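Take a look at the structure set out below.
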Amino acid sequence: MSDTKELPQFPEPYWRDNLEIPSFPKLKEKISVDVGIVGGGIAGITAAYLLSKENLKVALIDAGVLLNGTTGHTTAKVTAQHGLIYDEFIKHFGEEKAKLYYEAQMEAKEFIEQTTKELQIDCELEEHDAIIYTNSDEYITQLENEKKAYDQLGIEGELIDTIPLQVPHKKALIMKNQAQYHPLKFLKVLVEECVKNGVQFYENTTAVDVEYNKHPAIVTRDGHRIISKFVFAASHFPFYDGQGFYPTRMYADRSYILAVKAKKKYPGGMYLSAELPTRSLRSVTINGEEVWLVIGQDHKTGQGKSTIEHYHALQDFAEAHLGVEKILYRWSAQDLITLDKLPYVGRISENEHAIFVATGFRKWGMTNGTVAAKLVSDLILGNDSPYEELYTPSRFQADPSLRKVVQINADVAKHLIKGKLEFTDNNIHALAADDATVTRINGKRTGVYKDLESNLHAVDTTCTHMGCEVEWNSGERTWDCPCHGSRFSYTGEVMEGPAKRPLERIDVE
Ligand SMILES: Cc1cc2nc3c(=O)[nH]c(=O)nc-3n(C[C@H](O)[C@H](O)[C@H](O)COP(=O)(O)OP(=O)(O)OC[C@H]3O[C@@H](n4cnc5c(N)ncnc54)[C@H](O)[C@@H]3O)c2cc1C
């Protein structure tokens, strides 16, 4: 935790600070279970909890440690107000499916509330209204259309002219009785419950493939196997494609977060701007003090300006509208966005009956990740689920999907070629400490970072996923791929998939 008005030197999510999360060994042998889960975030852990309660034998592996992926870097609003979405969903999918989506989110919220009560979890779960506000005339019409969609779907909402925030605004739309919580305090208890139910957890264990014999087996980077009747890819970006063509159907989008002790008192509620640049707000209590979470500056991963500037933009916003006393934490994260904005949850591809996936939560995974865990558990247990068809990854919606497929893949092609043609021959010895550049070493495009002790770290910038060229992320000190969102440490280790292999290290002296 930092103690000044300046940005903390290193990113660190508040949720993980001072919270003891159980740790687990690496997988070192072949094991057999009913369900093998890859990924220790909200989707994987909630599914492990639900399935182990039904007496299934479950193993869950994570490439790093539990709850350090997007779930450890979220903002944890628990709401069905996912931006301006219901008017669009009614137009694209029809009223019935738009309503189902809303009901799925509210069921997830109820599951979190019920489980908190049942297991007596102290996770700061609080009810708040969710509020979208706008200062733009164009968006006023959109807010009005969204309110009509709320009325059509039976969602309790209200259009209002003023909100208790001192940010410029002309209109706002409330969704009543939503919630926020401390996601890791909640999920840590689910992990403990899973352990009681016999779930085997393994950390620092990366899944690289699925092999078929009689049953599917998850293959780990060290060559061990988890033989399972069912596999659940809850790895954020699916670690296994199963001919689902996920890289062509999703992109990764980042946002930035500051935890600010402010001069102004937090007025209650959870806020989101309708227009860009996105601004999102909620409060947390840290050591008995009220702290604002200020979130925003969304952009596609690996694209856009120097990432530290996104933190500065949030800092300026906070100074102007809340008055900064201290910035306690800063961190950033990314989530995956699908072609039609609905997550992909279910069988990984049409003909695949034993491998399931959950991805593409569009920065609304507290509810969608919970829905996914329940839906996949139901499919594994042979139960019907009202949400199976809505979320199936095999769906194909002509509009807006087709246009988006072309957009996403044209963008990937552009980045595949751009990096290869770019002329870069920067002088790495002129680098300042804590700075990075791209140069050519022996003809290879090479990324070089000089650390705070002036040691140079050089890596081949070709992403090991599909060969795009990674770009420097100054805010997190990582190399990020603009194509599918893989992220690597400055020493080349994978921090976030879909890449599974590190960047090649290059000697520089
Ligand atoms: C900035 C930001 C703010 C957000 N705010 C909200 C919010 O307010 N409300 C809301 O509802 N949602 C929010 N979200 C979305 C939500 O946080 C995510 O959708 C959700 O946490 C994703 O959970 P997950 O379980 O799918 O993935 P993760 O939490 O990322 O877990 C996946 C795990 O899989 C592991 N893994 C990956 N590849 C492999 C492999 N090959 N082998 C083994 N393990 C592997 C990773 O190490 C990771 O631990 C936000 C997202 C962002 C980026």
Side-chain angles (χ1 to χ4, degrees), residues 13 15 21 26-27 36-48 60-83 105 108-109 112 130 178-181 183-184 187 201-210 218-221 226 232-240 252-258 270-272 278 280-282 293-298 301 310 331-337 343-345 357-373 376 465 485-487 494-501:
W15 312 119
I21 298 168
K26 201 172 165 141
L27 179 69
I37 299 178
V38 177
I42 189 166
I45 289 172
T46 310
L60 185 152
I61 63 170
D62 197 287
V65 295
L66 298 186
L67 296 170
N68 198 24
T70 308
T71 305
H73 294 75
T74 187
T75 40
K77 295 177 180 175
V78 180
T79 174
Q81 190 184 60
H82 294 177
Q105 311 314 313
K109 173 177 171 279
I112 292 171
Q178 305 298 299
Q180 64 183 32
Y181 71 155
L184 269 47
L187 288 162
F201 287 101
Y202 300 97
E203 294 183 319
N204 300 306
T205 303
T206 304
V208 291
D209 204 357
V210 175
I218 299 165
V219 183
T220 72
R221 189 150 78 187
I226 302 167
F232 179 22
S235 50
H236 202 225
F237 204 107
F239 76 97
Y240 171 75
D253 206 78
R254 285 197 87 70
S255 306
Y256 298 77
I257 299 160
L258 299 181
M270 305 181 297
Y271 300 87
L272 181 65
T278 307
S280 165
L281 297 159
R282 65 159 281 189
L293 294 189
V294 181
I295 307 115
Q297 294 296 113
D298 306 9
T301 300
H310 293 293
W331 72 94
S332 79
Q334 69 195 35
D335 212 7
L336 296 156
I337 305 193
Y344 300 134
V345 183
V357 70
T359 188
F361 299 150
R362 203 175 63 89
K363 300 186 189 167
W364 297 110
M366 297 298 103
T367 50
N368 268 318
T370 307
V371 173
V376 169
H465 175 228
S486 295
R487 297 179 53 242
V494 178
M495 312 226 4
E496 205 155 346
K500 291 172 209 132
R501 283 179 296 113

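The structure displayed is predicted, hence computed values, not measured ones. First listed ligand is number 1; within each ligand, the first listed atom is number 1.
Heavy-atom contacts from other residues, nucleotides or ligands closer than 6.0 Å to CZ of Arg362 number more than 12.
Checking Ser235, Gly365, Ala372 against atom 36 (N) of ligand 1, the nearest heavy atom belongs to Ser235. Remark: among candidates Thr205, Thr71, Leu66, the nearest residue to atom 29 (O) of ligand 1 is Thr71, based on non-hydrogen atoms. Between atom 52 (C) of ligand 1 and the options Lys363, His236, Met495, the minimum heavy-atom separation is to Lys363.
Heavy atoms of Gly497 come nearer than 4.0 angstrom to ligand 1 in no pair at all. Proximity of Ala234 to ligand 1 is established by a heavy-atom distance of less than 4.0 Å.
At under 3.5 Å, a nitrogen or oxygen of Ala43, whether backbone or side chain, sits near a nitrogen or oxygen of ligand 1. Considering backbone and side-chain N/O of Ala76, one or more are found under 3.5 Å from N/O of ligand 1. For Met366, a nitrogen or oxygen atom sits less than 3.5 Å from a nitrogen or oxygen atom of ligand 1, counting backbone and side chain alike. Close N/O approach between Thr74 and ligand 1 is found [any backbone or side-chain N/O within under 3.5 Å]. Considering backbone and side-chain atoms alike, Asp62 places an N or O below 3.5 Å from some N or O of ligand 1. Taking only nitrogen or oxygen atoms, main chain and side chain alike, Asp335 reaches within less than 3.5 Å of ligand 1. For the pair Ala358 and ligand 1, the shortest N or O to N or O distance does not fall below 3.5 Å. The distance criterion of under 3.5 Å between nitrogen or oxygen atoms is met by Ala207 with respect to ligand 1.
Of all atoms in ligand 1, listed by their number and element, those nearer than 4.0 Å to a heavy atom of Phe239 are 41 (N). For ligand 1, the atoms lying closer than 4.0 Å to a non-hydrogen atom of Phe361 are 19 (O), 22 (C), 26 (O). Set against the non-hydrogen atoms of Ala333, the atoms of ligand 1 under 4.0 Å away are 53 (C). Ligand-side atoms of ligand 1 in range of Gln334: 53 (C), range being under 4.0 angstrom from any heavy atom.
The side chain of Val38, and not its backbone, has at least one atom closer than 4.0 Å to an atom of ligand 1 (non-hydrogen atoms only; side chain from C-beta on). With a heavy-atom cut-off of 4.0 Å, Trp364 touches ligand 1 through backbone and side chain alike. Heavy atoms of Ser280 found under 4.0 angstrom from ligand 1: none, in either backbone or side chain.
No donor-acceptor pair under 3.5 Å is formed between the side chain of Gln105 and the backbone N or O of Gln81. The backbone N or O of Gly69 lies less than 3.5 Å from no partner atom in the side chain of Glu496, so there is not a single donor-acceptor pair. A donor-acceptor pair under 3.5 Å is absent between the side-chain atoms of Arg282 and the main chain of Gln180, judged by distance alone. In this structure, the side chain of Thr205 engages the main chain of Leu27 through a donor-acceptor pair within 3.5 Å. Checking side-chain atoms of Trp15 against main-chain N and O of Pro183 turns up no donor-acceptor pair under 3.5 Å. Arg221 places a side-chain N or O within 3.5 Å of a backbone atom of Lys500 that can act as its donor or acceptor partner.
In terms of protein heavy atoms, atom 44 (N) of ligand 1 is closest to Ala63 N, 2.9 Å. Closest to atom 34 (O) of ligand 1, if we only count protein heavy atoms, is Gly39 CA, 3.2 Å. Atom 3 (C) of ligand 1 has its closest protein heavy atom at Thr75 OG1, 3.4 Å. Protein heavy atom nearest atom 9 (N) of ligand 1, with residue, atom name and distance: Lys77 O, 2.8 Å. Shortest contact from atom 1 (C) of ligand 1 to any protein heavy atom: Ser255 CB, 3.6 Å. Counting only heavy atoms of the protein, atom 30 (O) of ligand 1 lies nearest to Thr70 N, 2.9 Å.
Residues Ile42 and Met366 come closest through the heavy atom pair CD1-O, 3.6 Å. Of all non-hydrogen atoms in Asp335 and Thr70, the two that sit nearest each other are OD1-CG2, 4.3 Å.
Taken to the nearest 0.5 Å, the CG atom of Leu281 stands 8.5 Å off from the CG atom of Leu293. Distance CD1/Ile218 to CD1/Ile61: 5.5 Å, rounded to 0.5 Å.
Side-chain atoms of Ser486 and His465 include no donor-acceptor pair closer than 3.5 Å. Inspection of the Ser280 and Lys77 side chains reveals an N or O donor paired with an N or O acceptor under 3.5 Å.
A parallel orientation is assigned to the rings of Trp364 and His82, their planes being inclined by less than 30° (bins at 30° and 60°).
If you run side-chain contact (heavy atoms from CB on, under 4.5 Å) between Arg254 and each of Lys363, Arg487, Gln297, only Arg487 comes through.
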